[in-house]
Amino acid sequence: MDATTPRAGRTTALRADQISLFDRRIALRAIGDAIVKLNPARLMRNPVIFVTEIVSALVSFVALRNLATGQAFAFPLTIAAWLWLTVLFATFAEAVAEGRGRARAESLRRARTDTLAKRLVRAGDRSSYQPVAATALGVGDIVLVEAGDLVPSDGEVIEGVASVNESAITGESAPVIRESGGDRSAVTGGTTVVSDWLVVRITAASGSTFIDRMIRLVEGAERRKTPNEIALDILLAGLTIIFLIAVVALEPMAAYSGSVLGVPVLAALLVTLIPTTIGGLLSAIGIAGMDRLVRFNVLATSGRAVEAAGDVDTLLLDKTGTITFGNRMAAAFVPAPGIDERELTEAAVLASLGDETPEGRSILSFARDRFGIVAEPPAGAAVVAFSATTRLSGLDAGERSWRKGAVDAVLATIRLAAPPVGFSQSVDRMARAGSTPLAVAAGGRLMGAIELKDIVKPGIRDRFAALRRMGIRTVMVTGDNRITAAAIATEAGVDDFIAEATPQDKLDYIRKTQAEGRLVAMCGDGTNDAPALAQADVGVAMQTGTQAAREAGNMVDLDSDPTKLIEIVEIGKQLLITRGSLTTFSIANDVSKYFAILPAIFIAAYPELGAMNVMHLATPQSAILSAVIFNALIIVALVPLALRGVKFVPVGAAALLRRNLLIYGLGGIIAPFIGIKLIDLLLTLLGLT
């Protein structure tokens with residue numbers, strides 16, 4: 001495919017494909033990957049499953065020795081088989097999680113193509129270019145990208161303005177504007193210029209483009225364990241060592257009491273006591289956390305960032321486009337004394353008919369919704385376009401005229417030196433509230449004022465209230481003056497605001513908050529946001545932002561939606577909650593397995609232990625085998641929960657702990673009683689014990 005082949009409208013699997021928890025292709029490949037992961041050198045990173053593998057090999061050796069010497073081998077061989085399945089199910093969980101990421105990476109690979117780039121021979125001369133392979137471009141090369149061309153590599157626009165289709169990256173089919181200078185100058189390799197042209201300076205070497213980074217991140221190749229995962233690994237390793245010592249000590253105790261345990265029984269006891277459930281699912285939980293972000297079109301450059309998002313307690317949110325819609329919109333018509341509101345509305349509509357700005361369109365929309373007024377320009381009317389010199393716009397029809405614009409400009413036009421007191425008071429009130437007043441005149445007569453305000457997004461106040469219940473403090477950052485900022489902050493319900501904010505103000509606030517022991521998240525898209533993004537614990541850069549911003553943050557939002565910062569925090573908390581819930585379940589179900597396996601081991605020597613056999617299992621062999629089988633199957637049963645995550649509910653820590661103990665603590669105790677008993681009944685029915 002050459003550089004002129006259009007690719008508009010294509011979307012990627014990052015957004016479009018809904019990958020099921022057990023997609024057939026992913027599951028089949030995961031089976032093979034799970035076997036490969038049995039390599040002891042790889043399993044050593046997971047101490048619990050590594051010990052389980054060693055024990056499985058030991059029991060297998062005993063079973064095969066018994067088979068060779070003519071001794072009883074069926075029981076140890078069955079134990080060995082289920083122990084191996086326990087290890088295999090654990091590696092399968094990790095392989096499925098990695099497979100989901102790999103499936104998304106494949107869609108990104110399809111976005112890459114061998115293209116020809118138009119490298120400029122002489123800077124500033126767009127006619128002097130030579131075609132070269134995109135892979136041959138180096139950092140600093142200048143290329144021309146015209147309508148229909150693919151952007152050959154990541155770069156910064158240094159000349160031109162064009163509409164660019166970024167669906168190959170973001171999945172969003174609507175084109176975006178890219179231009180030199182400002183915060184909309186970054187372009188990504190693989191996107192398509194729809195109209196006009198751009199001159200781009202290449203900023204990424206071959207193999208280091210944004211798509212290449214995305215592929216590596218989505219596949220998990222760059223994922224590292226987070227501090228909490230490492231701490232949990234240490235805890236699990238400690239528990240494994242403790243139970244290993246305890247089980248080894250049982251052999252002389254059993255010999256003293258006249259019992260014969262044997263390697264298979266001790267192995268079964270060890271594996272059912274150590275926390276194999278969470279040990280087998282821990283990696284899958286971490287990988288799935290990053291995968292959930294990808295499904296929201298957010299790329300995290302490290303697992304640490306995802307985890308930090310769950311611990312964030314301060315959110316810095318830009319006002320424009322995040323808390324508010326960003327465009328000032330008509331919110332009220334305030335008539336001058338002696339003027340009816342409908343008269344003012346009709347005049348405002350006529351004065352706005354030729355105004356194609358978002359503010360002008362909002363006036364027409366507000367009038368239509370409020371009074372049902374939809375006007376057409378009079379025959380022969382001439383539009384008076386807005387000018388920075390006059391600060392007015394309007395309509396002229398013969399001797400009739402309508403004007404709207406800055407208050408002082410309109411008053412000067414109609415030669416009104418002293419406006420009515422009521423009008424002046426209304427204008428002053430709007431200014432104090434942070435709104436923008438526009439005066440309206442018709443036929444040389446003052447009709448009143450239109451109040452334009454930056455509208456707070458509906459529902460945002462409730463979202464901030466939910467974050468507050470979670471213990472997260474919200475801070476609005478804006479370049480507006482303090483009066484305007486205070487009005488918006490009160491309406492939106494944020495906890496604090498920074499008005500007239502400069503890059504240094506943002507950086508200082510983050511450092512001050514971190515010095516108090518808090519974790520901070522913020523989003524940004526401009527070069528001036530880069531220092532704060534780098535300083536924040538969770539820095540979310542917009543894909544449409546500058547290269548500096550994308551490199552400074554530890555997450556990139558492909559949709560460039562600043563409000564997604566709230567979802568990112570929720571996903572991070574979901575990751576931590578999922579890990580905590582499954583850890584609670586794993587430790588709790590070990591308690592139940594004690595009641596199955598310990599009485600079975602020592603009931604012959606100590607008949608009094610029969611009182612602990614509350615499940616009334618058929619035989620000691622059945623009890624031991626049932627516990628081992630349940631221990632293996634529960635890992636597979638919990639894989640969907642590990643991948644999907646525990647549902648996040650914005651409640652306080654105390655309520656969350658109660659829910660965790662009630663559902664996963666109590667559930668972890670009850671589930672083994674039911675599961676082991678059902679397996680025991682099945683084994684007895686089949687005559688396998």
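FYI, the numbering just counts along the sequence from 1.
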Between atom [atom1] of [X] and atom [atom2] of [Y], what is the distance when rounded to the nearest 0.5 Å?
X    : Y    : atom1 : atom2 : result
D154 : T188 : CG    : OG1   : 5.0 Å
R119 : Y129 : CZ    : OH    : 14.0 Å
T345 : L364 : OG1   : CG    : 11.5 Å
R391 : L438 : CZ    : CG    : 11.0 Å
I363 : E359 : CD1   : CD    : 8.0 Å
D196 : E179 : CG    : CD    : 11.5 Å

Indicate the atoms forming the closest heavy-atom contact of [X] with [Y], along with that distance.
X    : Y    : answer
I568 : A309 : O-CB, 3.7 Å
S195 : A147 : CA-CB, 3.9 Å
L150 : V145 : O-CG1, 4.0 Å
E500 : R482 : OE2-N, 4.4 Å
E451 : S435 : OE2-OG, 2.7 Å
A442 : M447 : N-CG, 3.7 Å

_Tell me whether the count of non-hydrogen atoms from other residues, nucleotides or ligands lying under 6.0 Å of CD in E376 goes above 12._
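Result for CD/E376: open.
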Keeping [X] on the side-chain end and [Y] on the backbone end, is there a donor-acceptor pair under 3.5 Å?
X    : Y    : answer
S362 : A330 : yes
T413 : A409 : yes
D557 : V298 : no
D149 : E146 : yes
S352 : A348 : yes

*List the steps and the verdict of side-chain contact (heavy atoms from CB on, under 4.5 Å) for V306 and L293.*
CA-CA 8 Å; V306 185; L293 275 180; 3.5 Å; yes
_Steps toward side-chain contact (heavy atoms from CB on, under 4.5 Å) verdict (V540, M522)_ = CA-CA 6 Å; V540 184; M522 78 156 289; over 6 Å; no
_Criterion side chain to side chain contact (heavy atoms under 4.5 Å, CB included) against I142, the qualifying member of V199, L137, V121_ =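 Single pass found, and it is V199.
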*Only one of L316, I498, V494 clears side chain to side chain contact (heavy atoms under 4.5 Å, CB included) with M476; which?*
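In the set L316, I498, V494, the residue that makes a side chain to side chain contact (heavy atoms under 4.5 Å, CB included) with M476 is V494.
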Hey, are [X] and [Y] close enough for a salt bridge, meaning a charged N less than 4.0 Å from a carboxylate O?
X    : Y    : result
D396 : R403 : yes
E567 : R463 : yes
E491 : K453 : yes
D141 : R201 : no

So [Y] and [X], do their side chains get closer than 4.5 Å, heavy atoms only?
X    : Y    : result
L353 : V383 : no
Y509 : V475 : yes
V569 : L315 : yes
L317 : F464 : yes
V200 : L144 : no
V384 : S393 : no
V312 : V520 : no
I373 : E346 : yes

*asked:* So, using salt bridge (Lys or Arg N to Asp or Glu O under 4.0 Å) as the criterion, who are the partners of R370 when residues are at least two apart?
replied: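 So R370 forms a salt bridge (Lys or Arg N to Asp or Glu O under 4.0 Å) with E341.
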_Does either side chain, that of T203 or that of E156, offer a donor lying less than 3.5 Å from an acceptor on the other one?_
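No - no donor-acceptor pair under 3.5 Å links their side chains.
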*Under the side-chain contact (heavy atoms from CB on, under 4.5 Å) rule, what do R178 and L198 come out as? Steps first, then yes or no, please.*
CA-CA 8 Å; R178 290 290 176 266; L198 298 171; 4.3 Å; yes
_Determine whether I450 and K404 satisfy the following criterion, side-chain contact (heavy atoms from CB on, under 4.5 Å), listing intermediate values before the conclusion._
CA-CA 9 Å; I450 305 169; K404 80 169 192 307; 4.3 Å; yes
*Which is it for F333 and F371 under the ring pair (Phe, Tyr, Trp, His ring centres under 6.0 Å) test, yes or no, and what are the steps along the way?*
CA-CA 11 Å; F333 293 125; F371 291 106; 7.0 Å; no
